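Remember, predicted model here, so these are calculated numbers, not experimental data.
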Amino acid sequence: MSVTDMRAGIAFGSNMGDRLLMLRQARACLVASPLLAPPFLVSSVYLTSPVDCPPGSEPFLNAVIEAELTGEPLALLSDLLGLERALGRPEKSKRNAPRCIDLDLLYIGDCEMRSEALVLPHPGIGRRGFVLTPLAEIRPGLLLPGQKETVAQLLKRLPPGDTVEMVDATW
């Protein structure tokens, strides 16, 4: 599958160590990636409650960026996984375990993909305040494939509960 000149959304998360430093390092690497090109849209950083994590897990810092994809979706996914490992995330860990960095490919334009390696758009995107809040900051009117509501509308429909609080607008 060839995808060119399409916008890719990437979610960032960290709940271990120097969380803001991890997000900054990951962002710097992605901005320098040959697979992504300007213009870059960058959300603020949000402090969020850990969702579906083991008891005692620390809060996350989360953010979202969007950029032009200049390569293949699976190549970008491979780069994201490699970057996670380079920044200290173990290749294998328990689901939702605390992590120093988590990078998720959220969407690529209007591309829909279902493979063992990659599902686009990300299947949990419409239910996660920690993703929808930063995404709504940079792309409130975005209509994701398979959705009938914009990102801002999806965010408004989420039940109250989890903490999502802006902590850094200029990371």
Grouping I, L, V, M, F, W and Y whenever their side-chain heavy atoms are under 4.5 Å apart, do [X] and [Y] come out in a common cluster?
{"X": "Met113", "Y": "Val119", "result": "no"}
{"X": "Leu83", "Y": "Leu21", "result": "no"}
{"X": "Leu81", "Y": "Leu30", "result": "yes"}
{"X": "Leu155", "Y": "Val131", "result": "yes"}

Could you pull out the closest heavy-atom pair between [X] and [Y], with the gap in Å?
{"X": "Ile108", "Y": "Met6", "answer": "O-CE, 3.7 Å"}
{"X": "Cys53", "Y": "Phe60", "answer": "SG-CE1, 3.8 Å"}
{"X": "Leu105", "Y": "Pro73", "answer": "CD2-O, 4.1 Å"}
{"X": "Tyr107", "Y": "Pro121", "answer": "CB-CB, 4.3 Å"}
{"X": "Ile101", "Y": "Leu23", "answer": "CD1-CD2, 4.0 Å"}
{"X": "Leu76", "Y": "Leu69", "answer": "CD2-CD1, 3.8 Å"}

task = With sequence neighbours left out, write down each residue that passes salt bridge (Lys or Arg N to Asp or Glu O under 4.0 Å) with Glu84, or none if nothing qualifies.
result = Arg89
Rounded distance [0.5 Å steps], [atom1] in [X] versus [atom2] in [Y]:
{"X": "Leu118", "Y": "Leu77", "atom1": "CG", "atom2": "CG", "answer": "5.5 Å"}
{"X": "His122", "Y": "Leu106", "atom1": "NE2", "atom2": "CG", "answer": "6.5 Å"}
{"X": "Asn62", "Y": "Asp102", "atom1": "CG", "atom2": "CG", "answer": "8.5 Å"}
{"X": "Cys100", "Y": "Gln25", "atom1": "SG", "atom2": "CD", "answer": "9.5 Å"}
{"X": "Ile125", "Y": "Leu135", "atom1": "CD1", "atom2": "CG", "answer": "5.5 Å"}

[X] (side chain) donor-acceptor with [Y] (main chain) under 3.5 angstrom:
{"X": "Asp168", "Y": "Thr170", "result": "yes"}
{"X": "Ser14", "Y": "Met22", "result": "no"}
{"X": "Thr133", "Y": "Phe130", "result": "no"}
{"X": "Asn15", "Y": "Arg99", "result": "yes"}
{"X": "Ser57", "Y": "Pro98", "result": "no"}
{"X": "Thr70", "Y": "Pro34", "result": "yes"}
{"X": "Arg19", "Y": "Gly13", "result": "no"}

request  = Please list, chain by chain and in numerical order, all residues satisfying side chain to side chain donor-acceptor pair (under 3.5 Å) with Arg139, sequence neighbours excluded.
outcome  = Glu66
query = Please walk me through it: do Tyr46 and Glu165 pass side-chain contact (heavy atoms from CB on, under 4.5 Å)?
reply = CA-CA 5 Å; Tyr46 292 82; Glu165 168 188 336; 5.9 Å; no
ask   = Going through the distances and angles, do Leu103 and Phe12 end up as a side-chain contact (heavy atoms from CB on, under 4.5 Å)?
value = CA-CA 5 Å; Leu103 301 169; Phe12 292 61; 3.7 Å; yes
Test item: [X] and [Y] side chains (from C-beta on) under 4.5 Å apart, heavy atoms:
{"X": "Leu36", "Y": "Ile10", "result": "yes"}
{"X": "Glu58", "Y": "Met16", "result": "no"}
{"X": "Leu154", "Y": "Leu158", "result": "no"}
{"X": "Leu144", "Y": "Leu142", "result": "yes"}

For residues 37-44, tabulate all N or O donor-acceptor pairs below 3.5 Å that involve a side-chain atom, not counting sequence neighbours.
from  : atom 1 : to     : atom 2 : distance (Å)
Ser43 : OG     : Val64  : N      : 2.9
Ser43 : OG     : Val64  : O      : 3.3
Ser44 : OG     : Glu137 : OE1    : 3.3
Ser44 : OG     : Glu137 : OE2    : 2.9

